[in-house]
Structure formats: structure tokens, C-alpha cells
Amino acid sequence: MASLNPFTGTLGQRRAAHLLRRTSYRFTKARVDQLATQTVDQALASLLTVQPLQLDQPIWGDTLSPTTTTATWINPAVPILPLPDSDFNLQRRVLSWWLNEALLNNGIGHKMAFFLHQFQPVTYLTSKSTVFYDYLSLLRWGSLGNFKKLITKMVVDNTMLRYLNNSQNSKYNPNENFAREFLELFTIGKGPQIGPGDYTTYTEDDVVQAARVLTGFTERTQRDMTDPETGVPRGTVTFSRHDTGSKTFSSKFQNTVIPGATNAAGVYTELDTFITMVFAQPETAKNFCRRLYRHFISRNITAEIETDIIAPLATTFINNNFEILPVLRQLLKSQHFFDLDDSDNTNEIVGAMIRSPLELALQSLSFFNVAIPSVATENNKHHNNFYSSGVMERMLGYANMVLFYPPDVAGYPAYHQAPEFNRHWFNSSSIIARYKLPAMLLTGKRQIGSSPNSSIAIKLSIASWVKTSGICADPADAFVLVHSLIDYMLPNQPDADRFDYFFTQIFLDNLPAADWTYEWENYLTSNNDAEIKIPLERLVNYLMFSPEYQTF
């Protein structure tokens with residue numbers, strides 16, 4: 001029986017690593033060791049936070065001085081023209097900034113923001129770089145807040161208004177695109193079709209009525225109107241474009257009638273009434289909890305999971321007025337999350353999901369503490385060589401994950417498309433990029449695509465890392481070293497035969513363990529890593545190639 005009963009006691013290394021992998025893009029041995037000594041409540045107190053940003057906004061050029069930052073993202077009052085380059089390049093600067101913040105952030109904030117992006121997707125090319133930055137700021141604001149409020153504010157987000165065409169939705173020329181996705185994807189979900197135009201949770205006529213409620217909302221890409229609660233620039237209402245007639249919904253929504261507005265303020269009242277009506281349906285809370293479960297726990301929702309996990313989570317969500325944090329806390333501290341609610345020896349949760357290219361890249365970079373070129377003094381290397389050419393194109397794009405550019409309005413297929421779900425991340429078109437990741441780190445070269453021998457401005461010195469990272473107490477002991485690497489790199493302990501494969505065949509190359517001890521001590525004396533980096537690089541390659549490392 002699946003159980004939301006809380007796990008009690010100290011986490012220990014394996015459960016701490018599992019919790020960190022699922023909640024943060026930043027995965028380090030030091031953080032695992034810290035969490036391992038804590039209870040789940042203590043661990044979640046620090047993980048379930050939106051931590052301060054390292055840099056409030058992207059910058060242009062090799063300085064943090066605002067006098068050379070001609071593109072200003074934060075302050076809408078400052079003109080953003082002339083730009084130092086095309087806005088396309090500035091949009092990619094926003095992506096570099098977001099990736100760098102995700103890599104350095106210890107909390108769940110960035111993971112939740114990306115979850116909400118998957119829930120309410122746009123593409124980074126939808127609008128100007130500054131407007132896309134505002135969308136990301138709104139996701140960050142709502143990542144651990146009130147989902148109902150976030151949905152309401154997303155209606156007037158400038159990027160969303162353009163992406164789903166709601167700026168074109170007027171009483172003169174109705175456009176149902178946003179209204180349809182609002183019901184089908186953002187809130188209540190479509191549900192099985194039970195008749196012509198009837199999808200269990202709403203009808204086609206409900207889409208028409210919703211579109212009427214949503215008429216008149218328009219973009220303000222000049223960013224001169226700001227939401228008083230979030231501080232984020234938003235769109236506005238053009239009252240002359242709004243349908244002022246009453247809107248009558250179907251029996252799915254208890255035949256609710258929303259009176260038409262008589263002024264611009266009344267349009268927002270209509271919107272609030274409409275959203276309250278949608279959130280009053282129990283299926284809206286359940287749909288959110290299913291999406292949360294598939295993103296953080298498992299893609300497989302059985303009848304047992306639906307009854308024992310989703311339904312009580314939805315009750316928590318409703319009872320807390322659609323606050324996200326209580327639901328996350330209940331789920332992530334549960335026995336079910338730690339795979340402790342049954343006697344089945346197979347791991348149904350821990351190590352049972354395939355890592356997205358984003359998780360694979362950022363958790364690998366953080367684990368090996370790869371030195372990233374400074375955004376302040378090496379901006380070109382930081383953005384162009386590393387984040388743009390290295391991470392965005394090779395580690396993510398070639399692995400079928402163009403960052404903040406999902407293939408359609410439903411988001412990335414791995415999070416929603418049955419029956420494959422996360423298997424979309426690991427197929428014939430993405431496997432090469434995933435398997436080139438260790439070579440990219442160890443050589444500092446692109447490896448794939450155009451100019452594969454070009455630098456990506458980072459390089460992992462594996463010998464130096466083993467010596468200084470504290471990955472194990474005694475690196476001269478081959479057995480202890482391999483055991484330590486496996487403990488932290490793989491989600492579950494391998495059996496004896498699998499460990500022996502990594503230890504004897506891969507690392508030692510069937511040579512005596514004493515040979516490693518001799519070479520390590522020689523390295524400490526001479527600082528020449530020529531001999532020891534061969535087995536270390538071989539082991540890292542094989543561990544990262546392993547099916548176990550591809551999962552979390």
C-alpha cells in the first residue's frame with residue numbers, strides 16, 4: 001500500500017542523495033553528507049526554499065559595471081535600446097544566466113520553476129529577451145507560492161499573451177487558443193472524451209465561454225506596467241476589445257454564469273471569478289498533483305497511487321488554498337518518496353527515473369565541481385564557449401532538450417506523453433550526446449556537432465579533483481576510492497558482481513590494487529598525473545555510461 005506517512009529518523013547517505021537529486025540541480029558530496037546527518041524535516045527546511053540569486057539579471061560584457069550593461073532586464077523604466085547585439089543573442093544570455101543560477105542554487109527553486117514552465121510553457125524566442133526574463137521571474141515568484149495566484153498572473157504575462165495568441169483574442173475576432181490550453185493543460189485537464197465535445201471535465205462550449213472571459217488582455221512589451229504583488233512587468237486590458245456579455249458555463253461547472261464587466265477593473269473581476277470556478281472543481285487539484293508526482297517521483301500512476309497518494313495530496317492542496325509548499329513537503333517527506341512503503345526489494349522510486357539532459361548536465365558539473373569561466377571577467381568564454389556552445393547546444397540540444405523551447409504547447413514529451421514518458425530522454429537520437437558528456441568534461445572539447453575539437457572553456461582534471469574534493473578518506477586505497485565514487489555517483493548500491501566489474505576490470509584493468517597505491521603515492525610526490533589519470537578517466541567514463549548513472 002502506497003503511503004504518505006512521513007519517514008522518521010536520520011536520512012543517511014543513500015536517502016539524502018536521493019532527496020538532493022530529485023530537488024536540486026546542484027548535487028555535491030558535501031551537500032549529501034550534510035543532509036545525511038539530518039532528519040527529513042531538517043533537510044526540507046533548507047531545500048524547500050527559493051534562495052537568493054547570485055546575479056539579479058544577465059549581463060553583457062566582461063564587467064559587472066552597470067555603465068556597460070546596455071540591456072537592462074530589471075528596471076522597465078530604463079530603455080533597453082540600443083542593444084549591443086541582436087536580441088536573439090541576448091535571449092541566449094538570459095538562458096546562460098538561468099543555467100548558471102540553477103547550477104549554483106542549493107534549493108528547489110529552479111527545479112520548481114522548470115516544473116511550472118513545463119506546466120505553462122512558452123518558448124524563449126516568443127518575445128524580447130527582457131520580456132522572457134519577466135516570464136522566468138514570474139515562475140520564480142510562484143515556484144513555492146500559491147498556484148492559483150500564479151495561474152491568474154500568468155494570464156497577463158506578456159510572453160504567454162503572445163505565445164498562445166491571447167493578445168489577438170477580442171470580441172471582434174475571438175481566439176480560443178489560450179482558453180483551450182488553460183483548461184486542457186494548465187488547470188483541470190481534458191479527461192476522457194465521453195461524447196461529442198465533452199471531455200469529462202469540461203466541454204467545447206466551456207472553451208468558447210472561457211475565451212470570451214479572456215478577451216481584451218493585451219501585451220505591453222515596453223514593460224511599463226508592473227504587477228504590484230510580484231513586481232514583474234505584465235500585460236494590460238483593452239476594455240473596448242472585451243466581450244461584455246454574460247458567460248454561461250456547462251454543468252461541468254455547475255452552470256455558473258459570470259456577469260459581463262462594465263469597465264476595465266471588472267474584466268479582472270471576471271477573470272478571478274472564472275479561475276475560482278475552475279479551481280473549485282476537485283479535478284483541478286488532482287491534475288496538478290499528478291503532474292507534480294510525475295515530475296518528482298515516478299511517471300507510473302497506478303490505481304493504488306491515484307487512491308493513496310494523488311487523492312490525499314489534492315486534499316492537502318485544496319485545504320491549503322492551493323499553496324504549493326504544503327503539498328511538496330507532504331510528498332517529499334513521505335515513506336513512498338523514499339521507497340519504504342512496501343516490502344518489495346526492487347527499487348520502484350529510487351533510481352527509477354531517467355535523468356533529463358538538464359539534470360544529467362548540471363548535476364554532473366556540480367558533482368565534479370567544474371570551474372566555470374567568470375561571468376564578470378571572462379564573459380565571452382562564460383556565455384559563448386561554455387553555456388551556449390557547450391551546455392545549451394551539446395549537452396542539451398543534441399540530447400533532444402532545447403532549453404525553454406519545448407516542441408509544443410504541452411511541454412516536453414518526457415513529462416506527459418504516455419506510455420514512454422521519461423524514456424523520451426534516452427533513445428537513438430539522444431544517446432550519443434548523453435554518452436559524450438564525460439568526454440566533454442575530461443577533454444574540455446565540444447566532441448559532437450560542428451568543430452568537435454573546439455574548446456568549451458572548462459576541463460575537469462580528475463586527478464586533482466580526487467585529491468582535493470574529499471571524495472574519499474584515502475584515495476591511495478583503490479577499493480575505498482571506487483566504493484566512494486559509486487556511493488555518490490549511482491543512486492543504488494550495485495551487487496557484488498557489478499561492483500567487481502567496475503573495480504577489477506575497469507579501474508584496475510585486472511592489475512593488482514597495489515599498483516594503484518604505488519602510482520597514487522608517486523603522483524602526490526611528483527604532481528605528475530600521467531599514470532593515474534588513465535584509470536581514473538576510464539572509471540569515470542564507465543560509471544557515467546552506466547544505466548545506473550543515467551537514472552536517479
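Note that the numbering runs from 1 along the sequence shown for the chain. For the numbers below, each heavy atom of this structure counts, side chains included, while hydrogens, waters and symmetry mates do not.
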Pair R329-T316, side-chain donor/acceptor within less than 3.5 Å: no
Minimal non-hydrogen separation, T221 against S127, with atom names: CG2-OG, 4.0 Å
Distance flag, aromatic centroids of H18 and F337, threshold under 6.0 Å: yes
No-hydrogen, no-angle side-chain donor-acceptor test under 3.5 Å, Q363 and R21: no
Criterion side-chain contact (heavy atoms from CB on, under 4.5 Å) on F338 and L11, from CA distance to verdict: CA-CA 10 Å; F338 293 105; L11 282 172; 3.7 Å; yes
S250 and D205 side chains, donor-acceptor separation under 3.5 Å: no
Pairwise distance OG1(T201) to CD1(I188) - rounded to 0.5 angstrom: 5.0 Å
Contacts of type side chain to side chain contact (heavy atoms under 4.5 Å, CB included), residue N385, not counting sequence neighbours: N380, K381, A457
Point-to-point distance, once rounded to the nearest 0.5 Å, from CD of Q168 to OG1 of T218: 12.0 Å
More than 12 heavy atoms of other groups within 6.0 Å of K252 NZ: yes
Close side-chain approach of Q120 to E181, heavy-atom, < 4.5 Å: no
Residue pairs, two or more places apart or on separate chains, that pass ring-ring contact (aromatic ring centres under 6.0 Å, His included) and touch residues 200-240: Y199-Y202, F217-Y268
Pair Y25-N105, side-chain donor/acceptor within less than 3.5 Å: no
side-chain contact (heavy atoms from CB on, under 4.5 Å) between V257 and K247, worked out: CA-CA 6 Å; V257 177; K247 291 85 179 175; over 6 Å; no
Nearest-0.5 Å distance that lies between atom CZ in F115 and atom CZ in R294: 11.5 Å
Pair K153 + E229, salt bridge at N-O below 4.0 Å: yes
Evaluation steps, side chain to side chain donor-acceptor pair (under 3.5 Å), between H295 and Q118: CA-CA 9 Å; H295 200 94; Q118 164 66 22; over 6 Å; no
Side chain to side chain, N177 and N166, heavy atoms closer than 4.5 Å: no
Side chain to side chain, T226 and V232, heavy atoms closer than 4.5 Å: no
Under the ring-ring contact (aromatic ring centres under 6.0 Å, His included) test, residues paired with F274 that sit two or more places apart: F182, F249
side-chain contact (heavy atoms from CB on, under 4.5 Å) between R434 and I354, worked out: CA-CA 11 Å; R434 296 179 74 98; I354 297 172; 3.7 Å; yes
Minimum side-chain heavy-atom gap T248-I258 below 4.5 Å: no
Audit row: I297, I309, side-chain contact (heavy atoms from CB on, under 4.5 Å) steps and yes/no: CA-CA 11 Å; I297 311 299; I309 304 295; over 6 Å; no
T123 and T126: side chain donor to acceptor below 3.5 Å: yes
In a table with atom names and distances, give each donor-acceptor pair under 3.5 Å that connects a side chain of residues 400-409 to protein atoms at least two apart or in another chain.
from : atom 1 : to   : atom 2 : distance (Å)
N400 : ND2    : S429 : OG     : 2.6
D408 : OD1    : A410 : N      : 2.8

Closest approach of R234 to P228 (non-hydrogen atoms, all atoms of both residues): NH1-CD, 4.1 Å
Within-4.5 Å side-chain heavy-atom neighbours: I456 and R394: no
Any residue meeting salt bridge (Lys or Arg N to Asp or Glu O under 4.0 Å) with D41, in chain and number order, not counting sequence neighbours: K333
Charged N-O contact under 4.0 Å between R92 and E393: yes
Aromatic ring pairing Y415/W425, orientation class (parallel under 30°, perpendicular over 60°, tilted between): perpendicular
Ion pair check, K190 and E283, cut-off under 4.0 Å: no
Pair N146-E323, side-chain donor/acceptor within less than 3.5 Å: yes
Side chain to side chain, V375 and L55, heavy atoms closer than 4.5 Å: yes
Geometric class of the H110/W98 ring pair [parallel <30°, tilted 30-60°, perpendicular >60°]: tilted
Geometric class of the F132/Y135 ring pair [parallel <30°, tilted 30-60°, perpendicular >60°]: parallel
Listed partners of W97 passing ring-ring contact (aromatic ring centres under 6.0 Å, His included), at least two apart: Y133
Heavy-atom pair with the smallest gap, counting every atom of V267 and T215: CG1-O, 4.3 Å
Approximate separation, where rounding is to 0.5 Å, of H117 NE2 and L138 CG: 13.5 Å
Distance-only donor-acceptor check, side chains N175 and N165, under 3.5 Å: no
Gap between atom CD1 of I275 and atom OG1 of T187 - 0.5 Å precision: 8.5 Å
S356-E359 side chain donor-acceptor pair, cut-off 3.5 Å: yes
Option passing ring pair (Phe, Tyr, Trp, His ring centres under 6.0 Å) with F147 (candidates F119, W141, F322): F119
Heavy-atom side-chain contact between T28 and R26 under 4.5 Å: yes
